Trainee: 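Just dropping this structure here.
Below, each value reflects all heavy atoms present in this structure, side chains not excepted, and no hydrogens, waters or symmetry copies. Whatever order the structure lists ligands and atoms in, that order sets their numbers, starting from 1. Computed from a predicted structure; not experimentally measured.
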Amino acid sequence: MKIQLLDESVASQIAAGEVVERPLSVVKELVENSLDSEATEIEIELENGGLKLIKVIDNGVGIPRDQLELALTRYATSKLTSVDDLSSIQTLGFRGEALASIRSVSDLILVSREDSDRTGNYITYKNGDIFDRGIQGANRGTSVSVSDLFANFPARLSFLKSARAEGRRCSQLVARYAVAYPKVSFRFFQDGNLVFHSAGDGNQRDIIGSVWGDEIAQELLPLEEMNIGNVRIEGFVSPPGITRGRKDLQVFFANDRLVEVGFLSFAVADFYRNINPKGRYPVVFLFVNCEPNKMDVNVHPAKIEIKFKNEGEIFSALSRSLNNTLKDVVIEIQKLGVLSGMEEPFHGTQFELEKPSQELNSNQVGKIIDGKITTANSGPINDLHPLAQINTTYIVAQGRDGIFIIDQHAAHERIIFENIIMSQENGLPTVQGLLDPIPINLDSSQKENLSMIGPSMYKYGFQWDKLEKGNIILRGIPISLKESETVSVFKEILDLDTVSDTSSAEGDQKSRSSLETRDREIAASVACHSSIRAGQALLFSEMEAMLSQFQDAGYPKLCPHGRPTTLFLSHGKLDAQFGR
Ligand code: ADP
Ligand code: MG
């Protein structure tokens, strides 16, 4: 067959396939261009998950009036002139491919104005070709509108998820950039609603809170800053207990570029393996900075994978920083491991094991009569007798065959969880009415989720009336729930990942099981907020009541989130530890 050069439009559509895969890719390229243009304000608007419209407006330096067409030409860039520049690249873009690729698979309008210009200039493309150009009033900066993405490419469209899911990916992406660029103010709109915005005042926690909730924002620990050689590492990480069911909130930036780097994920997974229960993952925001020439950014079409030249240095900087940040909590966990002679010992070796420093308080411990421990008060009613509470978090109890250390929150949570499920299944009352109804303001995604999972929430005891603008007033709450926790639980449920994941594909087998998962997560959220907290001092009678319920529930080993409820040290193990 004869070899011939592809014409420009075919070539750019093929190239576009690599750069523009879905609405998220367009949003990423446009936002990166705005960041490269030194914008301090960036606004992103999506319609129908980005399929109808993606518009990004910035207040950056703008594009010279005679270069609009050039900006949309393949391999035209202002960011790189020679191949040597590639090794010290400071900008997010450098290939000059994005705008050209995007216009070949959509209809595009570019408007831009440099500071020195009196008016703005625009150029429009339809079906990949120039359609119109001229002068128009505009603020300093650039706006790019991308309409009907992939409208003429049904094969591409068929790869996409629902508009909702695509929109969610975009909002999650922009939110990550907002955290990494806290000095830039971002506003993200979806179908006319402001989904989130960042102030641009440098406060990263505020941004994390407004997107992923205050609990995460408040609990995340600042990673101990680590400088090794020319590598600097900083960020935020989960303490134990702040976990997610997926690795979806592990965010890595390298020199201000959002990246996926296998060994960084591995370092995190390896470190948390001994801290989190199976199937639970930490939240991580990690920012690595190094000299540009230590990082090859030109290894992936969408520039998301990169290669560090000094992987070892960065790996050890991250491990050390994680160690220093979480040392104390991990030693606490390991103490319990030593104390219990656990069936599955912690195999982590990063920390020296310490002797338990906290002796049991002899006033709290039951008396020893005839060589047997009895409880401090009236006598046995259960198989389990409380001996003491340690660290206002764990109940130490004597059982027939050994000693139990019970996480008071995890165990209680599981008990309540079972009760909630059972009451609901057996048609027992699930709701307590509120004397003072509570109005709740919801954001747009919460409103949307409520319209979908309302029936499930109702089933577990939430009752509400609608107010205007989709906000609601709560009139009833689950029977076990404390009133003070109501608003946070209500919102937490509407923010659950499983809620949005089950929305798009109802009906088939897979979605039935995800609906069940979703219902269980709703019950787990209610249980979590209804139960005794870690840090809460308990009376002996309260511990006894709790243990009796725990026994009735059949000593469940895991809490609804999958954390262990109990460590058990059998008499046999105890004897063995003392060489008897
Ligand atoms: P690259 O970012 O790799 O250079 P693009 O196709 O994304 O390639 O953009 C081409 C050029 O258009 C950029 O190099 C830049 O000069 C200009 N440009 C694109 N977007 C903007 C923007 N938002 N503000 C200023 N200039 C821009
Ligand atoms: Mg670019």
Side-chain angles (χ1 to χ4, degrees), residues 8 11-21 23-45 54-83 85-106 108-117 120-125 128 130 133 138-146 149 173-174 177 181 184-187 255-259 292 296-304 306:
E8 211 285 323
S12 59
Q13 281 171 25
I14 292 174
E18 302 201 324
V19 183
V20 189
E21 211 182 342
L24 168 119
S25 345
V26 175
V27 171
K28 176 169 182 289
E29 294 294 342
L30 297 183
V31 165
E32 289 190 348
N33 279 347
S34 296
L35 289 166
D36 280 343
S37 81
E38 295 163 23
T40 56
E41 287 170 20
I42 303 176
E43 187 168 303
I44 299 97
E45 292 173 28
I54 297 169
K55 185 169 184 183
V56 175
I57 309 164
D58 66 52
N59 67 349
V61 295
I63 302 173
R65 65 167 80 187
D66 56 352
Q67 297 205 327
L68 264 51
E69 188 178 346
L70 197 55
L72 284 137
T73 305
R74 202 139 65 95
Y75 306 133
T77 177
S78 56
K79 304 172 189 175
L80 192 78
T81 49
S82 78
V83 77
D85 294 348
L86 250 188
S87 61
S88 58
I89 202 82
Q90 308 263 11
T91 49
L92 297 167
F94 50 85
R95 293 205 190 109
E97 270 184 323
L99 289 181
S101 296
I102 294 167
R103 71 143 158 91
S104 74
V105 289
S106 68
L108 186 146
I109 306 172
L110 172 77
V111 184
S112 194
R113 201 195 109 196
E114 284 189 300
D115 228 359
S116 53
D117 249 348
N121 298 277
Y122 72 88
I123 188 165
T124 66
Y125 284 77
I130 297 184
R133 65 173 99 202
N139 291 330
R140 172 197 141 123
T142 303
S143 100
V144 181
S145 307
V146 176
L149 182 67
L173 174 90
V174 175
Y177 275 94
Y181 289 81
V184 176
S185 160
F186 286 82
R187 283 147 62 81
N255 288 359
D256 301 325
R257 181 188 296 280
L258 181 66
V259 293
D296 187 356
V297 292
N298 194 23
V299 291
H300 184 258
K303 298 166 288 182
I304 185 99
I306 55 151

Trainee: May I ask you to list the protein N, O or S atoms found at less than 2.8 Å from the Mg ion (ligand 2)?
Mentor: N33 OD1
Trainee: If you compare all heavy atoms of I54 against all heavy atoms of P23, which two are closest, and at what distance to 0.1 Å?
Mentor: CD1-O, 3.8 Å
Trainee: With a 4.5 Å cut-off on side-chain heavy atoms, are D115 and V61 touching?
Mentor: no
Trainee: Could you tell me whether the side chain of V144 reaches within less than 4.5 Å of the side chain of I102, counting heavy atoms only?
Mentor: no
Trainee: Taking the side chain as every heavy atom from C-beta outward, state whether V297 and F94 have any atom pair closer than 4.5 Å.
Mentor: yes
Trainee: Quick one: are V111 and L68 in side-chain contact, heavy atoms under 4.5 Å?
Mentor: no
Trainee: Can any side-chain N or O of Y181 pair as donor or acceptor with the backbone N or O of D256 at less than 3.5 Å?
Mentor: yes
Trainee: Using a 4.0 angstrom limit on heavy atoms, which residues are close to ligand 1?
Mentor: N33, S34, S37, D58, G62, I63, A71, A76, T77, S78, K79, G93, F94, R95, G96, E97, A98, L99, T142
Trainee: Is there side-chain contact between V20 and L149, with at least one heavy-atom pair below 4.5 Å?
Mentor: yes
Trainee: Checking the side chain of R257 only, and the main-chain atoms of L92 only, is there a donor and an acceptor separated by less than 3.5 Å?
Mentor: yes
Trainee: Please tell me if the side chains of N33 and K79 come closer than 4.5 Å, counting only heavy atoms from C-beta onward.
Mentor: yes
